[in-house]
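One structure is given here, and the rest of the page talks about it.
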Amino acid sequence: MEELLDLNKLNPQQREAVTTIEGPLLVVAGAGSGKTLVLTYRIAYLISLGISPSSILALTFTNKAASEMKERIRNLVGKRADYIYMGTFHSIFARILRQEAHLIGYTRDYSIYDTDESENVIKGILKDFNISENHFTPRFIQGLISKAKNKLIFKENGLNNFFDMYNKKLLAIYEEYNKRLKDSNAMDFDDLLIKPIELFTVSEELLSKYRERFNYILVDEYQDTNTAQYFLLKMLVNQNKNICCVGDDAQSIYKWRGAEVRNIIEFNKDFPETKIIRLEQNYRSTKSILAVADSVIKNNIYQIPKTLWTSNEQGEKVTVTTCFDERDEANYVAKIVSSLINSNKYKPREIAILYRTNAQSRNFEEVFIKSSIPYIIVGGVEFYKRKEVKDILAYLKLLVNPKDDESFLRIVNFPPRGIGDVSIETLRTIARNNEKSMFNAIPDLIESPNIQDRIKKNFKNFYEFISKYRSLVNDKNFYEIVKTFIDELNILQLYKEERTEESNQRYENIIQLLNSIQEFQVNNPESTLTDYLSEISLIADVDNWEDRKNSVVLMTLHSAKGLEFKVVFIVGCEDGLLPLRRDGDIDDIEEERRLFYVGCTRAMKHLHLTYSRNRNRFGNSYPQVPSRFIEEIDKSHIIFDSTPLAEIYLKKNSDLRSIITDEYSQLDRHENLDTNYISKNLKAGSIVEHDVFGRGKVIYLDGYGDHQKVIVEFKSGIRKHLMVKYANLKVIK
DNA sequence: GCAATTTACTTTTTT
DNA sequence: AGTAAATTGC
């Protein structure tokens, strides 16, 4: 049913943002100010003026945001909405790349490598280059390469300098990495943004085509775009400069991923005639919630000054609850949630638990199961990142892209088929000599002399098995083929026979994956297996979360961006956790504060903040201090509370043990800590010897027992953080 | 080459 | 505390 496009529903600023369709426009939209409404109305308005939907390019941050927006626009303008180019930067440009990949030396069936796969490529390079992983972990290098790419730093403009700050070998690693990806016909996430730039540079004609087509460009969550995305936008904007960016610098929480708030602030430098519209009326939250959020965010120095206000009711004060530890915290939250649900005040889906790190979800999960509260965890170990799912996907990727060495390596001997490390190395050498991918080099191996027949046979079986299905995957009816393929793989049988809880789960996950393939085929009858693989490589977990599943939502503060809930709990408001401290330092306090701000402004009616006095990390309990953000809150809008357990802890520390022991027997461990390690004579300044790194000097000592840590500066000049328990240090002096 | 056992490492946040 | 990686024994 179509709803009417009624501009009178909008306030004057919103209306202006909707109807200003010519020229560059920047909408600085505060939290809850109707940003999504403006974007949907704006697009619907464009279409109602007779503008072709296919000339509109709308870029969002998550696929979920895109599909929701499309749905809402469909309600306003009907089926025409289907022709809008709407999606995330990554998915839109992945699609364009599929069509034009041949221009830059890829095929349309290129693989997309996620962070893990990129890391594996780097691991392989380090091994071949004989570089120890001790100096730089593959993850660190992956991060640097990603940063270089999304900041558009290439060889021509200072890549050498960028890497030299760390290590001279990095440039060589970087080049080898790109070579290997290209040889594998694969792109990483950042390539999906910089390869289009390459494409448009190679083919002026192609660029003109898309510039002409996308006469109206809209960008959501503009504060979280990076340099590469910005550059792409500038390339695509045509002489009409119809570009509309919507964002809020106070909600920029992806700087660590290369997002440049500068893109907002300098927008009107690149587009001098930019019109700026501010949306400052909040329609979401109560006055109390807004006041709390505002009192915290105003401690940030770097921000565009703005006043967010609301005509909503004052509402109840925000509660701040002290808990004893993370289990007590989870119990407390579960109790409140139960009463909210049982009194029919709120439905489960209207309640969210937000935390800084995924690891925090576990305690809540346990308690929610016990209390029979329906819940759903967004993120954590994501479905598509699970081993069994990735295994199947690796098979499928290899089917469509036989050059994909990463996928090949993942599954060549899983399930086991007698192809071990030695056989793989033999094949790798042949592949290299013949300049082929590993899969494509199997026939060469079979032709080679001096290789055992047994090994040749194992490879031959594998090669024939894959080849049999390779010819079939371009079929539009790929689901049936994939199903037959998996039957022949016999992997479901394998998990079924194992009969453990874990294998049952894996079995279920593969079934679920098959269902998702079937669903995709039904919804996209014209698509191929490649399209399916492309789509799932780019989905975030938030995208998958269906809120119709009436459950309490547990997720990270990052995932909560763009969402709203009647009741919000922000848990773990402790210094070191929120803001998060890492390696002894808080990376960027202002970004952490914005994250806290994002969390607070998700709440419509009630906001609860909790923190624990003690928190377990890696098995040991540590005392905690409340978050500095709690100190920063205007106290007239909050009420402090504490759980009974925390109460006891505060008042009578001495009686604590007898009360707590029943419930938390692990607390006693502090008394029984094993002090057999060399810790007694280890102190700052000690000279120690390490099996691998040799002699060094202890410059910092922290913690005790199992968890004692040292920082040692070794002769070679490198500093290492070591766990005393594992480091096996000999004290020399 | 494979399974079982032991050891190492983890907690940012995600397209 | 829980999980992935590495090592050992067969």
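- Of the residues near DNA chain B, A:Gly420 and A:Ser537, the one whose nearest nucleotide (by heavy atom distance) lies more toward the 5' end is A:Gly420.
- No contact: A:Arg615 has no heavy atom under 4.0 Å from any strand.
- A:Ala293 is linked by a side chain to side chain contact (heavy atoms under 4.5 Å, CB included) to A:Tyr597, A:Cys600, A:Thr601, counting only residues two or more places apart in sequence or in another chain.
- Under 4.0 angstrom from either OP1 or OP2 of B:dT14 there lies at least one side-chain N or O belonging to A:Thr556.
- Straight-line distance from the CD atom of A:Gln251 to the P atom of B:dT13: 20 Å, rounded to whole Å.
- Within the structure, every side-chain polar atom (N or O) of A:Asn358 is placed at least 4.0 Å from both OP1 and OP2 of B:dT11.
- Atom pair A:Tyr113:OH and B:dT14:P shows a separation of 24 Å (rounding to whole Å applied).
- Distances were taken from every side-chain heavy atom of A:Pro416 (C-beta onward) to each of B:dG1, B:dC2, B:dT14; the shortest belongs to B:dC2.
- For A:Tyr177, the ring pair (Phe, Tyr, Trp, His ring centres under 6.0 Å) criterion is met by no residue, not counting sequence neighbours.
- If you take CG on A:Asn401 and CG on A:Asn185, they are separated by 4.5 Å, rounding to the nearest 0.5 Å.
- For A:Arg617, whose side chain is taken as the heavy atoms from C-beta onward, the closest listed nucleotide among B:dT13, B:dT11, B:dC2 is B:dT11.
- Closest to the side chain of A:Phe618, out of B:dT13, C:dA1, B:dG1, is C:dA1.
- On the P atoms, B:dT11 is 16 Å away from C:dA6, given to the nearest whole Å.
- Side-chain proximity of A:Val422 to B:dT10, B:dT14, B:dG1: nearest is B:dG1.
- When atom types are taken as modelled, the side chain of A:Asn120 and the backbone of A:Glu117 share no donor-acceptor pair closer than 3.5 angstrom.
- No engagement by A:Ser91 is indicated, since no non-hydrogen atom pair under 4.0 Å with the nucleic acid exists.
- For A:Lys234, the side chain to side chain contact (heavy atoms under 4.5 Å, CB included) test picks out A:Tyr230, A:Asp270, A:Phe271, with sequence neighbours left out.
- Nucleotide B:dT13 holds its C1' atom 15 Å from the CD atom of A:Gln223, rounded to whole Å.
- In this structure, A:Leu563 atom CG and B:dT13 atom C1' are separated by 15 Å, rounded to whole Å.
- A:Glu592 has its CD atom 16 Å from the P atom of B:dT11, to the nearest Å.
- When each of B:dT11, C:dG2, B:dT14 is scored by its nearest atom to the side-chain atoms of A:Tyr254, the top-ranked nucleotide is B:dT14.
- Taking only side-chain nitrogens and oxygens, A:Ser559 comes nearer than 4.0 Å to OP1 or OP2 of B:dT14.
- With ring centers used as reference points, A:Phe569 lies 6.0 Å or more from A:Tyr355.
- Scanning for ring pair (Phe, Tyr, Trp, His ring centres under 6.0 Å) contacts around A:Phe368 gives an empty result, with sequence neighbours left out.
- Proximity note for A:Trp256 (side chain, C-beta onward) versus B:dG1, B:dT14, B:dC2: the nearest is B:dT14.
- Along DNA chain B, the nucleotide closest to A:Asn413 and the one closest to A:Leu538 are compared, and the more 5′ of them pairs with A:Asn413.
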Heteroatom pairs (N/O) under 3.5 angstrom, protein to nucleotides 7-10 of chain C:
none

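- Between A:Ile419 atom CD1 and B:dC2 atom P the separation is 9 Å, expressed in whole Å.
- At the heavy-atom level, A:Phe89 lies nowhere under 4.0 Å from the strands shown.
- Among the heavy atoms of the strands lying under 4.0 Å from A:Asp421 are primed sugar atoms or P, OP1, OP2 only; no base atom is included.
- Taking only side-chain nitrogens and oxygens, A:Thr115 never comes nearer than 4.0 Å to OP1 or OP2 of B:dT14.
- The distance between atom CZ of A:Arg362 and atom C1' of C:dG2, rounded to the nearest whole Å, is 6 Å.
- If you take CG of A:Leu577 and C1' of B:dT10, they are 15 Å apart, rounded to a whole angstrom.
- Classified by interplanar angle (parallel below 30°, tilted 30° to 60°, perpendicular above 60°), the ring pair A:His90/A:Phe189 is perpendicular.
- For A:Phe408, the ring pair (Phe, Tyr, Trp, His ring centres under 6.0 Å) test picks out A:Phe462, with sequence neighbours left out.
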